[in-house]
Amino acid sequence: MFMSSDIATPGTTPERHIVQPGDAQHPIVLSTEDLHVFYGDKEALSEGDLKFARNQITALIGASGSGKSTFLRSLNRMNDRIATVKGRIMYRGVDINQPDIDVYEMRRRIGMVFQRPNPFAKSIYDNIAFALRLRGITAKNKLDEIVETSLRQAALWDQVKDELDKSALALSGGQAQRLCIARAIAVKPDVLLLDEPASALDPVSTSQLEDTLLKLKQHYTIIIVTHNMQQAARISEYTAFFNQGRVLEYDTTSQIFTNPQVQVTSDYVSGNFG
Amino acid sequence: MTKSPEQLEQELKRRSKAAKLEIWGRVVSFSALILIVAVVVAIIGFVASKGLATFTTNHVNLWDFLSGKNWNPSLTDAHGKPEVGALSMIVGSFLITVLSAIVATPFAIGTAVFMNEISPNRGAKILQPVTELLVGIPSVVYGFIGLSVVVPFTRSVFGGSGFGILSGTCVLFVMILPTVTSMSADALRAVPRYYREASLALGATQWQTIYKVVLRAATPGLMTAVVFGMARAFGEALAVQMVIGNAALMPQSLVDPAATLTSVLTTGIGNTVMGSLQNNALWSLALVLLLMSLVFNLIIRLIGRKGRLQ
Amino acid sequence: MNSKVQNKIAIGVLYGIAGLVVLILLALVGYILVSGLPKVSWHFLTTPAKAFLKGGGIGIQLFNSFYLLILAMLISFPIALGAAIYLYEYAKDNWVTNLVRTAIEILSSLPSVVVGLFGFLFFVVKLRLGFSILSGAFALTFFNLPLLTRSIEDSLHTIDDKQREGGLALGLSRWETVTRVILPAAVPSILTGVILSAGRVFGEAAALIYTAGQSAPALNFMDWNPFNISSPLNPMRPAETLAVHIWKINSEGIMPDAKAISSGSSAVLVIAILLFNLAARYLGKRLYKRLTSA
Amino acid sequence: MTKRRWLQGLLLTILVALGIFAYQTRQVSQAGGSITAVGSTALQPLVEAAGEQYTADHLGTFINVQGGGTGTGLSQIQEGAVQIGDSDLFAAEQKGIRAKGLVDHRVAVVGITPIVNRKNGITHLTTKQLTAVFTGQVTNWKQVGGKNLPIVLINRAQGSGTRATFEQFGIAGHQAKTAQEQDSSGMVRQIVQTTPGAISYVAFSYVTKAVQAVSLNGVAPTEANVLDNHWKIWSYEHLYTKGQPTGLTKDFIAYVQSPTIQKTLVRQLGYLSPSQMHVTRDVNGQVTPIGGTHS
């Protein structure tokens, strides 16, 4: 079922190795075609052609500056103001990289969580509820319900249920990050983009966060940028390896870590990089 | 979840409430900006048109204006030209601005360092409110305190009339102190905490950390604060006017009466007739002020750019 | 050892500087209060001024100052807020934006007498608003806008970009993000800016001499109908403020107790600004709490 | 949401209703009209006080009196932007004013005297000495019979009426040396009072015990001496109108010139009334005795 698109001459390792993920249970939700990202004249990302399968976790790995974050942020057009994104981003059959796409509506379906927890200077409750209110959900019981489910899904409910009206700024790093996840899933997105969500967290919080993500997978399609290769190995089904603004290898996570096809990938995952 | 792509595309292309709000917000905030720009353009245009009239309608030589030392617009000199030499006032303005900045800088930065690095608690509780309070004291009041305290003091210490650049410097020093202090504090606050931690971890004392790390890192911000204070000082009118003596003479010493652009402008503007040479000449002074604040601004910007490059 | 001594000396010097600054400031405020407070009484605060006899008060001027301040703030705050939002959140970082910023800052360093004269020629004469509170409020707006815009922009700058990203990632528009997330978080800092500029507006004289005027006709404090000329609320009446009053009696006052009135007024002005600061600080804290929690 | 809308609507309605109510119930207070007088800050207290009395007597009128300086007053009356321009000078003396269309109404006479700091040890001077002092020919008080103190000159701002009068009649038309300039009498007095060696000039009403008024050529600066022009440094205070005044403007000026004001306010504010004067003086300084009753 994997359609390999290796570009290589027999006997040597291929220069690129990209597979097609997904199956009947996990159809493709999001894919990029011929994606190029420019910062000014500088091309930060080229040939970023990837497909993402539903209810799976895909990890994007690679060295700093390899373009993985740029790629991720382009997916829900968070880079619109600072970069030029060319190519197509197909979301369930619709190219969302068209100028007349309503980015706000689109971002409600493709949510994002950032590297550093960024809870708003509001109460825990309002952090989650206020975006819903702006979208017309004002009934108190409905809001309460969504807040609770989101917090439960983010595995934060038990810790904060008694202090929902406390300022979110008082939360610890791990809690704050989970609040950000709860906030993102409260608007019921389809795809969840995570940009190194654990890099600012301690090991315990990190592992809690990973558990949470594994549970969230049932409901969402998750794409996560990570520096931490063990993390990628622990939670993701697929892994894409970025190098110098290109995707060099995309395969199942186990393949990438046990049997990488491209030399650079092999060097990177084995720690011989650079 | 089983929507056809067409259906989905339609949904995604429908303009959402957020998009509508966004347009509304852009329009509203842009109109506010346009309004301010209109105000700025109107005032600058107004000053420029009046100030340039001295040279266009009254045919004063620009160089005579900038280099002449005699300010007596109602009189004409030996050649039948009006005496509108602004040099003494330009020099006066510069002297008083630079001096007050020189005096205020160590105090302001010292206070900012104290507020930010040494005793943030006391800084926030005492210093900040006090400096903010000081900004609110009207310049008239500063002027009168200058008149009743500073001027007699300089007179008894340095002789002369007490009026002059020195007294003006003292008053301006206190007036720009709060501005420079609070801006310096902002600049220090912008230095990331790990700079300090890294330095302290290397065994540096607090002072070494402040001096070698924090102040260095904040230098562009601090310079901006000082230049901003200078711009303030340059444009201050009422308070300076009361203590500098308003004598349009080249300053011979710090305790002789002198004049600044603003003091002559404020003193004379009500006594001249709109459209006359005397009035236009005063507007030319305002134009010089405008250009000077442009220069100060460019300096601030240059410093800012340098800071970013570092 | 050496560096430790140096450290101690330096810290000591810094303490000294901070102490000296506080001392200067306290001496200043103390001087104003000590020379002025003996004059201040309920009578002084509530009676109208007298042109040339002793015993005049500053009641009307005090009211005018507050009324004018409120009006000026009501006009200038929304404009400055909007402009600051556009400049910081929307405008691209190019030469046009820089030009606009530079122009605004240049305006802020012009002596206020120039703004006052402009206001006089434009509002009082051209728009036929006459010497009135409205003309004064507009002139103060002109005087205030650059400062306020700049300070609000700075306040917006203090809020982390991550907060903006957070809002955008939830599918909020930039406008919603700014008004619902950024502004509430920036309230304390914006408020400080507003207090500072309010203080400056409150003490401003030169911009008002030619616009709001330097006479304070008697008011009927029982008449709150803004269309009546003797009503305190009428925006079309001339209104001498406290700062202008101080300026006026210091320059041409011929009442026998001019000096006492001037120092009394200065003390009142300083106390008013002090109260203003305290109140704004308190309100800011409350507001921040309310906006940041449910 | 709808509830909030409703509340907002209600609030708006109430506000509008209040506004309409207020507009309907406004007192038609300006039936008699309102006029604005702008100009000399020295003259402002007199016109203001007269205006208050006038409006108290004539309900429904409003006299708006503002300062701004003689130059402002004259340029605004020339523009026709105000009804009355207050001036310390003859309009013809002010540069940039075309005096032709303006009508002069003299409402007061103001005497001006040199004042010195009490420490200078000077009580009288001759015109020659005074001129020498103000043109910078002498720089120490001992040269004119005072103590050994350097002379500190304080001028009024250029264009000020007091300065023009002083230079014309006090120092024989000479131009005072460039020195400190202050734009108000109060400031001048305060500076002279506190600065040893200082000399300046103010209107009689600003003279207090804290400063020393100087006799000139043996003539003391008193009102009696002004009346018959023995004390020569005096000037008129003018209200200028553009063309002959009409309506409220005319009535108000007549009121200021009437004995009601001339005998009370004008005197209380330290001015003399033009009607008391035994002489008149024109714009060129030409003095004519009135009625020939005086020598």
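Convention: sequence-line order gives letters A, B, ...; per-chain numbering from 1.
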**Message:** Testing the basics here: between B:Val141 and C:Ser266, what is the closest heavy-atom pair and its distance to 0.1 Å?
**Reply:** CG2-OG, 3.6 Å
**Request:** Against chain B, label C:Val100 side chain, backbone, both or neither, depending on which of its atoms sit under 4.5 Å from a heavy atom there.
**Result:** side chain
**Item:** Portion of B:Met274 that has a non-hydrogen atom of chain C nearer than 4.5 angstrom
**Value:** side chain
**Interface moiety of B:Val149 toward chain C, non-hydrogen atoms closer than 4.5 Å** = side chain
**Request:** Could you have a look at B:Ile118, B:Leu35, B:Val113, B:Val37 and say which one has the most heavy-atom pairs with chain C under 4.5 angstrom?
**Result:** B:Ile118
**Prompt:** Which bit of C:Leu121 is near chain B, if near means a heavy-atom gap under 4.5 Å: side chain, backbone, both or neither?
**Reply:** side chain
**Prompt:** How about C:Ile11 and B:Gln206: do any of their side-chain heavy atoms sit closer than 4.5 Å?
**Reply:** yes
**Prompt:** Checking heavy atoms, do the side chain of C:Leu20, its backbone, both or neither come under 4.5 Å from chain B?
**Reply:** side chain
**Message:** With a 4.5 angstrom heavy-atom cut-off, is it the side chain or the backbone of C:Leu275 that approaches chain B, or both, or neither?
**Reply:** neither
**Asked** Is chain C contacted by the side chain of B:Phe107, its backbone, both, or neither, given a heavy-atom distance below 4.5 Å?
**Response** both
**Asked** For the candidates B:Thr262, B:Leu177, B:Ile269, B:Leu282, which exhibits the highest count of non-hydrogen atom pairs separated by less than 4.5 Å from chain C?
**Response** B:Ile269
**Asked** What part of C:Phe202 is in contact with chain B, defined as an atom under 4.5 angstrom from a non-hydrogen atom: side chain, backbone, both or neither?
**Response** neither
**Item:** Residue part contacting chain B, namely of C:Thr149, when any heavy atom lies under 4.5 Å
**Value:** side chain
**Prompt:** Among B:Ile43, B:Leu147, B:Thr111, which has the most heavy-atom pairs under 4.5 Å with chain C?
**Reply:** B:Ile43
**Fill in**
Per-residue tally against chain B (heavy atom, under 4.5 Å) across C:Val115, C:Ile32, C:Val22 peaks at C:Ile32
**Gap separating the OG atom of C:Ser35 from the CD1 atom of B:Ile145, nearest 0.5 angstrom** = 7.0 Å
**Item:** Region of C:Val201 in contact with chain B, defined by heavy-atom distances below 4.5 Å
**Value:** neither
**Item:** Pairwise distance OG(B:Ser29) to CZ(C:Arg174) - rounded to 0.5 angstrom
**Value:** 11.0 Å
**Asked** So which part of C:Leu269 gets closer than 4.5 Å to some heavy atom of chain B, the side chain, the backbone, both or neither?
**Response** side chain
**Request:** Let me know if B:Tyr211 has heavy atoms under 4.5 Å from chain C in its side chain, its backbone, both or neither.
**Result:** neither
**Under 3.5 Å donor-acceptor, B:Glu22 side chain and C:Trp175 backbone** = yes
**Request:** Check whether any side-chain N or O of C:Asn7 sits under 3.5 Å from a backbone N or O of B:Trp207 as a donor-acceptor pair, and report yes or no.
**Result:** yes
**Complete:** Cut-off 4.5 Å, heavy atoms of chain C, and the answer for B:Leu21 is both
**Message:** Is B:Met183 in contact with chain C via its backbone, its side chain, both, or neither, using a 4.5 Å heavy-atom distance?
**Reply:** side chain
**Validation row: B:Thr181, C:Val21 side chains within 4.5 angstrom (heavy atoms)** = no
**Request:** Tell me, for C:Ile79 versus chain B, whether the close heavy atoms (under 4.5 Å) come from the side chain, the backbone, both or neither.
**Result:** both
**Item:** Non-hydrogen side-chain atoms of B:Leu33 and C:Leu87 separated by less than 4.5 Å
**Value:** yes
**Side chain to side chain, B:Arg26 and C:Tyr86, heavy atoms closer than 4.5 Å** = yes
**Prompt:** To the nearest 0.5 Å, what is the distance between OG1 (B:Thr205) and CD (C:Gln6)?
**Reply:** 6.5 Å
**Complete:** Heavy atoms of B:Ile36 and C:Ala83 approach each other most closely as CD1-CB, 3.5 Å
**Prompt:** Is the closest side-chain heavy-atom distance between C:Arg150 and B:Phe228 below 4.5 Å?
**Reply:** yes
**Message:** For B:Pro106, which atoms come within 4.5 Å of any heavy atom of chain C: side chain, backbone, both, or neither?
**Reply:** backbone
**Request:** For the pair C:Leu28 and B:Tyr142, evaluate side-chain contact (heavy atoms from CB on, under 4.5 Å) and give the outcome as yes or no after the intermediate values.
**Result:** CA-CA 9 Å; C:Leu28 203 73; B:Tyr142 275 113; 3.4 Å; yes
**Message:** As an exercise, state the distance from OG of C:Ser173 to NZ of B:Lys17, rounded to the nearest 0.5 Å.
**Reply:** 9.5 Å
**Asked** Are B:Phe114 and C:Tyr15 an aromatic pair by the rule of ring centers under 6.0 Å?
**Response** yes
**Asked** Is there side-chain contact between B:Trp283 and C:Val114, with at least one heavy-atom pair below 4.5 Å?
**Response** yes
